[in-house]
Amino acid sequence: MAVAEPQFDDLYREIILDHYRRPRNRGELAAPSQRVEGVNPVCGDEIHLDLEIGDNTIRDVSYWGHGCSISQSSASMLTERLKGCSIEEAERVMGKVRAMLIDGATPDDEIGDLQALEGVARLPVRVKCALLCWNVLKEGLQQATTAA
Amino acid sequence: MAVAEPQFDDLYREIILDHYRRPRNRGELAAPSQRVEGVNPVCGDEIHLDLEIGDNTIRDVSYWGHGCSISQSSASMLTERLKGCSIEEAERVMGKVRAMLIDGATPDDEIGDLQALEGVARLPVRVKCALLCWNVLKEGLQQATTAA
Amino acid sequence: MINPREIRKDFPILEQQVNGRPLVYLDNAATTQKPRQVIEALVRYYETSNANIHRGIHTLAVRATEQYEAVRGKTAVFLKASHAEDIVFTRNTTEALNLVARAWGDANVHEGDEIVLTLMEHHSNIVPWQQLARRTGAVLRYAGITPEGKLDLDEVRGMIGPRTKVVSVVHMSNVLGTINPVAEIGEMARKAGALMVVDGAQSAPHLPVDIEALGCDFFAFSAHKMLGPTGVGVLWARRGLLETMEPFLGGGDMIALVRQDESTWADVPHKFEAGTPNIADVIAFGAALDYLGNLGMGAVRAHEMALTAYAMEQLSSIEGLKMHGPERADERGGVVSFAMNLAHPHDIATIADGHGVAIRAGHHCAQLLMRHLGVAATSRASFSIYNDKDDIEALAEALEHVNRVFGDGSSRAAI
Amino acid sequence: MINPREIRKDFPILEQQVNGRPLVYLDNAATTQKPRQVIEALVRYYETSNANIHRGIHTLAVRATEQYEAVRGKTAVFLKASHAEDIVFTRNTTEALNLVARAWGDANVHEGDEIVLTLMEHHSNIVPWQQLARRTGAVLRYAGITPEGKLDLDEVRGMIGPRTKVVSVVHMSNVLGTINPVAEIGEMARKAGALMVVDGAQSAPHLPVDIEALGCDFFAFSAHKMLGPTGVGVLWARRGLLETMEPFLGGGDMIALVRQDESTWADVPHKFEAGTPNIADVIAFGAALDYLGNLGMGAVRAHEMALTAYAMEQLSSIEGLKMHGPERADERGGVVSFAMNLAHPHDIATIADGHGVAIRAGHHCAQLLMRHLGVAATSRASFSIYNDKDDIEALAEALEHVNRVFGDGSSRAAI
Ligand SMILES: Cc1ncc(COP(=O)(O)O)c(C=O)c1O
Ligand SMILES: Cc1ncc(COP(=O)(O)O)c(C=O)c1O
């Protein structure tokens, strides 16, 4: 029998690896309005998000933490995609990313680079890696809304 | 296929049932030199032996207790066989009964009615019933030896 | 409608001869036999999916984890419970009850508090509470039994009061067959501010259970008594209760963060499943739940009730035989304990075994009940879905034989 | 001599493809696969002998009891222990260690007493002692690890003193592979009047164990890590020790006499096996012991040591890969943990899985050790009797692929 090609190369798409190797918006913000964090106790992945929210807009966002390429690149792409977005748009993007990861929904262009995470949905055990920063974001947005 | 005869009728030989229905030497002695007892915690069988030992002889022996036909008839036969015996003979009989029950040794006439218990050796789960009174006796003889 | 003849085809063990007779297995309250679907689930697991669960990334680990957690969901459905996370897998009912007595009891029961039990409890629902009482100085109280073998509800009512911290009652007695009104007792406990624990070891296998309707706080049972493999027990807890409890066993899989001096715990139910669980058997238990689910627990109950009625009728015609427990089959499960004038329970069981009929003789882990009944032991026949009237008749025949063996010499000579 | 090619024929699960490649199972420290002899023992038990044990008179009950107790004897022989009654069956290593911490610890460890552990312990040999320390006010002390990944024996020696009540050490680390000199440490404990507990979860499956020569007081391990089924653990105790201990779990089968207010206990080991045990799996564990016994544990060790040496050689040629633990294969068991410069352990495990290679990534229930190593997780390959050099090469190939995927874009384009 012919040996199959190694699987999961589509998981590690170049765009993911690029965000993993050259993280965008990594570090702390000078004056975040929200600072939120999340840990995945099972695998130890850790994500911190700094958000600067005002006028219903994510004026700035950064992240730091450690973990696998999926959790870290997901966070990097999150910051890149949402910086400067209205809360409304951020929530729409978040909804689409979650639908893609959790329900396997087909992503559309609105989520940008994040479409590269589509392959993760096929691997339930890694979905939580990709979701981690989005769970953290959700909490951050909730805090912002409550504070407002 | 022909239905087999019910098994274990050879276990319940008439002599066993006779001792069960009409126990010999049942009750307490007036002045026992040894009073010993044993319980089988798994099935609740209980045997008490009263022994009157002197001059290296079991001058008198009686039993009481409750439990299945095997444990009770074994005790009844014990008393019948050993009353008036020398300790030496009692120990020999005890050895032969134990060998029959535990190792499946073929009994000889010296043990008398007790040969009827031979079938029990085939049923490991019931052997302890037949042995109970012999374990109690062993303790009684030990006490007598130590006291002497 | 249950068709035992069809069902038997799924139980390879029942095809054998015992002592030259076809095996008639009437020891189902001790443990039931397993359908090939359960055995095959075990084989399938070990031949295709075996791996340690919950932390693995590789394919087998993911597969095994999904199969294991799916059974938690199935167990919830079986109990009509709303949340799979309220279910902890243990080794057996006994461990489940110990878990409650330790993890809930040690934190909530104090000196002078009262623990209400009944005289018909299985040792597994007595000893853990005795141990708790000894650790804490709490007091045990036992509700009695009516002459007909039912729980004395008035006594229970009188016993539950402001000092009661927990009431723990067997749902169906493994000796008398009595089905206790646990919902009603749970209501009494609730009003007194006490928790209600139900030992469901005999009820989950034989009665439709609607856990929310029972209104209890904890419910424990064993897979091996309901067509499942040995080594799996279930503890269900009322929503939110597990969260309030400290863990019981410590170790792998139940932690969030381990530091040198102290640790934090994983979410429920994992907090209560320390170490590698009995993965294969939990998964095979899923096949048992499917099997019972396909039959329908209502049908199981109807079949076993009819069989119990038939057994009580047949046994009542045997001379010198006295049955324990409620007289009406609809007030009891498929368990019939009895005494015979002439023969001791162990002799009865041996002679029945000589007929290929497997019944149990002894105290059935219910010594308090034996003492109450004034006996050292009883003989017990108990039924499952693969039993039919022929099995009852084989039992009756064996018991007639007991009477012939133990009757006077003349009738014995005639056999 | 072990011939993995022959042995594999006994392991049906290994015949499968994972992600289009033949399964290469290198997660044996988590759990091993099971030979058909073990699976068949399960099937045979359920198809011929299933019954509840220890109290039954009928044929199946006697048969099941004999088979179950025979495995206690086999376990004693496997450990070269003199007495089968010194062996208690639990669910797993974790439960065995909890049993010691509760049933022995609660009665013997007091405020200010010291419990000596090491930084390389599995959570199952940490958390039960933390819980004990919390209940009693005892103090935990952790011996450190040398740069080469060995236990710092001088530190252990310095730590054991008059306040030490118990020393509990892993025999073989599930992360570093390190084999600890437990006999030597046991001697230190004995001199200080402390008890010595050995976590044998990784040693019993892979090294010849002579329990008397180890000189410890308790020894715990799990069947599922040594070809046996899930749901069975073993606790061995030094002669006489179990007798001095109060029971842990209470319930059926562990009592002698139950009265309303208190009970008396059955003889050991039954005193520690409450409720219906995991009968089928204990019996199937007997088949696993037979399987290992036929191979000979010396041969098992020799095979796995050779494989470990080969793995260390192969992995050392992979760029950016760093192995943890002792450098010499004869000082370690068949476990190789490693880090790679470019990729996180979870990504390594996923890519390996894409090659059909099952390895584990994570903290391996050893967070204290991870913290000591300064990592959040490691990747780990671990070996068993059915693994061969081809498996190692498949792993090496997968790891090369990891480097290609995570290397810079140019090399990635080339694959
Ligand atoms: C060294 C060590 N100790 C203890 C354990 C716990 O074993 P189990 O999960 O079977 O209780 C393991 C296995 O995970 C181990 O490797
Ligand atoms: C009513 C009742 N409770 C508890 C138990 C204990 O079940 P297990 O031995 O599976 O723990 C049994 C079974 O023996 C039972 O019948």
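Chain letters run A, B, ... following the sequence lines, proteins first, then strands; residues in each count from 1. The analysis underlying the following values was restricted to heavy atoms, covering all of them including side chains, and did not include hydrogens, waters or symmetry mates.
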Top of [options] for chain C proximity - count of heavy-atom pairs under 4.5 angstrom:
options: D/Val357, D/Leu257, D/Leu97, D/Leu140; answer: D/Leu257
options: D/Ile57, D/Asn50, D/Asn125; answer: D/Asn50
options: D/Asp261, D/Leu42, D/Val232, D/Val38; answer: D/Asp261
options: D/Gly56, D/Gly362, D/Ser222; answer: D/Gly56

Measure from the side-chain N and O atoms of [X] to the backbone N and O of [Y], and report whether any donor-acceptor pair falls under 3.5 Å.
X: C/Asn98; Y: D/Leu249; result: no
X: D/Thr31; Y: C/Ala51; result: no
X: D/Glu47; Y: C/Pro12; result: no
X: D/Asn278; Y: C/Arg91; result: no
X: D/Asn92; Y: C/Pro277; result: no
X: D/Asn52; Y: C/Ala30; result: yes

Discussion item. What I'd like to find out is whether the side chain of D/Leu60 reaches to under 4.5 Å of the side chain of C/Tyr25, using heavy atoms alone.
Written reply: yes
Worksheet item: Just wondering, do C/Asp253 and D/Thr94 contact through their side chains at under 4.5 Å, heavy atoms?
Response: no
Side chain / backbone / both / neither for [X] at chain C, heavy atoms under 4.5 Å:
X: D/Leu14; answer: neither
X: D/Met254; answer: side chain
X: D/Arg259; answer: both

What part of [X] is in contact with chain D, defined as an atom under 4.5 angstrom from a non-hydrogen atom: side chain, backbone, both or neither?
X: C/Arg371; result: side chain
X: C/His346; result: both
X: C/Glu246; result: side chain
X: C/Ile126; result: side chain
X: C/Arg44; result: neither
X: C/Thr93; result: neither

Fill in: Polar contact flag, side-chain donor to acceptor under 3.5 angstrom, C/Gln130-D/Ser263
yes
Discussion item. I'd like to know if the side chain of C/Arg55 pairs up with that of D/His363 as donor and acceptor (distance under 3.5 Å, no hydrogens or angles considered).
Written reply: yes
Practice prompt. Could you tell me which residues satisfy ring pair (Phe, Tyr, Trp, His ring centres under 6.0 Å) with C/His270, sequence neighbours excluded, listed by chain and number?
Written response: C/His54
Determine the minimum heavy-atom distance between [X] and [Y], stating which atoms define it.
X: D/Val43; Y: C/Ile39; result: CG2-CG2, 3.8 Å
X: D/Gln131; Y: C/Gly250; result: OE1-N, 3.3 Å
X: D/Gln367; Y: C/Val258; result: OE1-N, 2.6 Å
X: C/Gly252; Y: D/Cys365; result: CA-SG, 4.0 Å
X: C/Gly251; Y: D/Val127; result: N-CB, 3.7 Å
X: C/Tyr142; Y: D/Gln260; result: OH-O, 2.6 Å

Worksheet entry | Interatomic spacing from OH in C/Tyr68 to OG1 in D/Thr230 - rounded to 0.5 Å | 9.5 Å
Worksheet entry | Inter-residue atom distance D/Gln16.CD - C/Thr59.OG1, 0.5 Å rounding | 8.5 Å
Worksheet entry | From C/His224, C/Lys225, C/Glu95, residue fulfilling side-chain hydrogen bond (donor to acceptor under 3.5 Å, both in side chains) relative to D/Thr276 | C/His224
